[in-house]
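Written out below as structure tokens is the structure these notes cover.
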Amino acid sequence: MEIKAKPKLDIVFKKLFTDVQNADLLIDFLSCVIDVPKNEIFDVVIIDNEMLPDAIDKKFSRLDVLLHSSQGTMNIEIQVNNYGNFKERSLYYWAKTFSNQLNESEDYSKLQKTIAINIIDFNLFDCDEPHSVFCISEKDRSELLTDKFRIDFLELKKAAKSKNPMLKEWLTFLSVTTEEELDMMNSNTANPEIIGKAISVIRKMSADEKLLLDIQRREKAILDERSAINFAENIGIVKGKVEGVDNLIAQFKFSLSDALNAMNMTENEYYSFKKQ
């Protein structure tokens with residue numbers, strides 16, 4: 001049976017990790033990702049734990065988790081769909097998070113280490129390991145420019161290949177979609193105190209009628225977003241084909257029939273789009 005509150009849905013993910021009662025889950029997850037003992041992650045302060053109604057409904061909005069801790073400023077985002085240019089997008093949001101730490105009169109020495117953690121439900125890199133960590137270093141000497149820059153990518157579809165057993169459990173948990181998968185995790189987890197609690201929280205969320213309404217609205221917004229992008233892509237493809245037909249006729253003296261065959265279009269498709 002499919003679970004209603006899927007952990008990889010951004011609204012569920014954000015609620016799971018920003019609830020003060022789940023601080024132990026957040027610290028355990030961060031410990032696995034940045035490879036720091038849990039007792040060294042303290043003073044965790046969530047900067048934004050609100051899920052405003054308009055943000056839930058709005059297409060192309062970001063529901064991320066921004067926090068300060070003893071390990072620096074961290075921004076965690078989970079993304080299900082790949083809309084392209086994701087590496088550049090992540091760099092842009094890292095830069096905004098880093099630069100927003102200072103007021104106009106403050107010194108650069110006040111800048112904290114900033115880590116952007118991107119959890120993605122698609123493959124981005126040509127490697128088996130799901131966890132990729134990027135820092136800035138000199139090209140030939142591999143000398144680190146600064147320890148204040150770090151961007152992590154966690155590819156959920158590669159969870160089974162993780163060499164870190166604790167991180168593997170977290171990535172597997174975030175990927176679950178059915179009750180059967182939750183039961184299997186609950187029975188086999190090596191970390192029942194944490195993963196067992198995370199499973200329990202997800203099941204409580206799945207029974208929360210008010211939250212389920214927000215989940216439905218968020219899922220609709222994401223579906224509308226994907227549909228809008230597909231529509232735009234299809235329009236671009238058809239437009240490109242029509243322009244190709246026109247170019248073949250004008251530049252290379254193709255007949256309309258030959259140009260349509262070359263571009264794999266029907267005459268009705270061609271004239272319908274031209275009319276639009």
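- In this structure, the side chain of Glu138 engages the main chain of Asp140 through a donor-acceptor pair within 3.5 Å.
- Of the possible donor and acceptor atoms, one in the side chain of Glu181 sits under 3.5 Å from a partner among the backbone N and O of Thr178.
- Pairs of residues two or more places apart, or lying in two chains, that qualify as side chain to side chain donor-acceptor pair (under 3.5 Å) and include a residue from residues 119-131 are Lys8-Asp121, His131-Asp152.
- Side chain of Thr189 to backbone of Met185: no donor-acceptor contact under 3.5 angstrom is found.
- Between the NZ atom of Lys14 and the CG atom of Asp64 there is a distance of 6.0 Å, given to the nearest 0.5 Å.
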> Would Asp19 and Lys15 satisfy salt bridge (charged side-chain N to carboxylate O under 4.0 Å, His left out), going step by step from the backbone distance to the final call?
Replying inline: CA-CA 6 Å; Asp19 191 323; Lys15 186 170 180 60; 5.2 Å; no

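- With sequence neighbours excluded, no residue forms a side chain to side chain donor-acceptor pair (under 3.5 Å) with Ser70.
- Among residues two or more places apart in sequence or in another chain, the side chain to side chain donor-acceptor pair (under 3.5 Å) test is passed with Lys6 by Glu2.
- Here Phe125 sits in one hydrophobic cluster together with Phe86, Leu91, Trp94, Phe98, Leu102, Tyr108, Leu111, Ile120, Phe122, Leu124, Phe134, Ile136, Leu145, Phe149, Ile151, Phe153; the rule is ILVMFWY side chains under 4.5 Å apart, joined directly or through other members.
- To the nearest 0.5 Å, atom NZ of residue Lys161 and atom NZ of residue Lys163 are 11.5 Å apart.
- Annotation: salt bridge (charged side-chain N to carboxylate O under 4.0 Å, His left out) contacts involving residues 106-120, sequence neighbours excluded, are absent.
- The side chain to side chain donor-acceptor pair (under 3.5 Å) contacts involving residues 25-35 comprise Asp28-Lys38, Asp28-Trp170, where partners must be two or more places apart or lie in separate chains.
- Evaluation of the side chain to side chain contact (heavy atoms under 4.5 Å, CB included) rule for Leu67 yields Leu26, Leu30, Val44, Ile46, Val65, Ser69, Met74, Ile76 as partners, not counting sequence neighbours.
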>> As a quick check of understanding, evaluate side-chain contact (heavy atoms from CB on, under 4.5 Å) for Phe29 and Leu174, giving each step before the final call.
In response: CA-CA 11 Å; Phe29 175 72; Leu174 292 174; 4.2 Å; yes

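- At a threshold of 4.5 Å between non-hydrogen side-chain atoms, the residues Leu154 and Pro130 do not count as touching.
- Take Thr73 and apply the side chain to side chain donor-acceptor pair (under 3.5 Å) test, not counting sequence neighbours, and it matches His68, Gln112.
- Counting heavy atoms from C-beta outward, Asn22 and Phe17 have side chains that stay 4.5 Å or more apart.
- Inter-residue side-chain proximity for Phe13 and Ile119 is flagged as met; some heavy-atom pair is nearer than 4.5 Å.
- Applying the side chain to side chain donor-acceptor pair (under 3.5 Å) criterion to Asp214, with sequence neighbours excluded, gives Arg217.
- Shown here are the salt bridge (Lys or Arg N to Asp or Glu O under 4.0 Å) partners of Glu77, two or more places apart in sequence or in another chain: Arg62, Arg89.
- Inter-residue side-chain proximity for Leu9 and Glu219 is flagged as met; some heavy-atom pair is nearer than 4.5 Å.
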Determine all donor-acceptor pairs shorter than 3.5 Å in which one atom belongs to a side chain in residues 200-211; sequence neighbours excluded.
{"residue": "Arg203", "atom": "NE", "partner": "Glu179", "partner atom": "OE1", "Å": "3.0"}
{"residue": "Arg203", "atom": "NH2", "partner": "Glu179", "partner atom": "OE1", "Å": "2.9"}
{"residue": "Arg203", "atom": "NH2", "partner": "Asp183", "partner atom": "OD1", "Å": "2.5"}
{"residue": "Ser206", "atom": "OG", "partner": "Ala5", "partner atom": "N", "Å": "3.1"}
{"residue": "Ser206", "atom": "OG", "partner": "Ile202", "partner atom": "O", "Å": "3.1"}
{"residue": "Asp208", "atom": "OD1", "partner": "Lys210", "partner atom": "N", "Å": "3.1"}
{"residue": "Asp208", "atom": "OD1", "partner": "Leu211", "partner atom": "N", "Å": "3.2"}

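- Under the rule for a salt bridge (Lys or Arg N to Asp or Glu O under 4.0 Å), the partners of Asp24 that lie at least two apart in sequence or sit in another chain are Lys197.
- The environment of Glu88 atom CD is dense: over 12 non-hydrogen atoms of other residues, nucleotides or ligands sit within 6.0 angstrom.
- Side-chain contact between Val33 and Leu167 is present, with heavy atoms from C-beta onward closer than 4.5 Å.
- Side chain of Lys4 to main chain of Ile215: no donor-acceptor pair is present (N/O by atom type, distance under 3.5 Å, no hydrogens or angles).
- In this structure, CD1 on Ile194 lies 9.0 Å from SG on Cys32, to the nearest 0.5 angstrom.
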